[in-house]
Every structure is written in structure tokens, then in C-alpha cells.
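Throughout, numbering of the chain's residues begins at 1 and tracks the sequence.
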Amino acid sequence: MAVAIVTNGDLDQQVRKRDRLGLAGRTLIASSEVGERKPGRRVFEVACARLGLPASACAFVGDDLEADARGSARAGLRGVWLDRSGQGSPPSDVERITSIRDLVW
């Protein structure tokens with residue numbers, strides 16, 4: 001399984017964070033290097049391209065319903081909203097999970 005980290009955060013800061021978490025080998029795409037922030041489709045397209053996969057073969061899981069789940073879905077990915085609080089209403093346009101353990105591949 002290919003995994004990429006997509007962030008609206010500063011590239012240098014996110015690289016340090018990724019490396020501290022022991023994820024140094026993971027692909028990291030920061031909106032600052034792409035020139036478009038999530039929910040813009042370009043950042044998701046770049047992530048798929050770096051993984052060498054079409055958008056239709058990719059899922060994007062994030063805790064921001066609009067920027068992550070809906071933004072990725074508009075770019076052709078499987079958009080999944082991680083609603084950790086479990087308090088949100090299930091949206092009709094993207095999947096909703098309350099734990100990463102609920103994600104079905």
C-alpha cells in the first residue's frame with residue numbers, strides 16, 4: 001500500500017514532524033510547494049502523481065470534512081472524513097469514519 005502525507009502546513013516544519021514520527025520514508029506533499037491549498041484539486045493530483053497512481057485508485061482520509069474529504073472527492077479520490085468526535089452528521093457525499101480502524105480498503 002502506497003501512502004502519502006498531504007498538508008497545508010509549511011513544508012520544512014512538516015518534514016521535521018514527519019521525520020520525528022518515524023515516517024521519513026513517506027511521500028510528503030505540502031500545499032506551499034504546489035501553490036494551492038486543500039481543498040484545491042491540484043494538491044491531491046500532485047499526491048497521486050507522486051505515488052504513480054490514478055486518483056480513482058486513491059483514498060484520502062482527513063479530519064476536515066470540507067478541505068480533506070470533500071476536496072479529495074472533487075479531485076476524483078475516495079474522500080473519507082475522520083470524525084474523531086463521532087458527533088458529526090454522516091454526509092451523503094463522502095464516507096465518514098470515527099476511527100482509522102473503521103477504514104475498509
*Between V3 and L21, is there a shared hydrophobic cluster once you connect ILVMFWY residues whose side-chain heavy atoms come closer than 4.5 Å?*
no

*Shared-cluster residues of L53, by chain and number - hydrophobic side chains joined below 4.5 Å*: L51

*asked:* Check whether D68 reaches the backbone of D63 with its side chain - one donor and one acceptor, N or O, closer than 3.5 Å.
replied: yes

*If you measure from SG on C58 to CD on E45, what distance do you get to the nearest 0.5 Å?*
11.5 Å

_Suppose we screen for side chain to side chain contact (heavy atoms under 4.5 Å, CB included). Which residues come up paired with S89, at least two apart in sequence or across chains?_
none

*Any donor-acceptor N/O pair, R96 side chain to G86 backbone, under 3.5 Å*: yes

*Partners of D93 by side chain to side chain donor-acceptor pair (under 3.5 Å), sequence neighbours excluded?*
R70

Please list every donor-acceptor pair under 3.5 Å in which a side-chain atom of residues 11-20 meets a protein atom from a residue at least two apart or in another chain.
unit_1, atom_1, unit_2, atom_2, d
R16, NH1, D12, O, 3.4
R18, NH1, R26, O, 3.0

*Which value, rounded to the nearest 0.5 Å, describes the distance between E95 atom CD and D102 atom CG?*
11.0 Å

*Qualifying residues under side chain to side chain donor-acceptor pair (under 3.5 Å), relative to R42, sequence neighbours excluded*: none

*Mind checking what makes salt bridge (charged side-chain N to carboxylate O under 4.0 Å, His left out) contact with D10, not counting sequence neighbours?*
none

_salt bridge (Lys or Arg N to Asp or Glu O under 4.0 Å) partners of residues 50-62, not counting sequence neighbours, each pair once_ = E33-R50

*Which heavy atom of A55 sits nearest a heavy atom of A75, and at what distance?*
CB-O, 3.6 Å

_Linked hydrophobic residues, V94 as query - side chain contacts closer than 4.5 Å_ = L65, W81

*What pairs meet the ring pair (Phe, Tyr, Trp, His ring centres under 6.0 Å) rule with one or both residues in residues 16-42, with sequence neighbours excluded?*
none

*Which other residues end up in the same hydrophobic cluster as V6, if Ile, Leu, Val, Met, Phe, Trp and Tyr are linked when side-chain heavy atoms come under 4.5 Å apart?*
I29, V34, V43, F44, V46, F60, L77

*For the atom pair CZ (R37) and OG (S32), what is the distance rounded to the nearest 0.5 Å?*
9.0 Å

*By side chain to side chain donor-acceptor pair (under 3.5 Å), which residues pair with S85, not counting sequence neighbours?*
D83

*E66: partners by side chain to side chain donor-acceptor pair (under 3.5 Å), with sequence neighbours left out*: R74

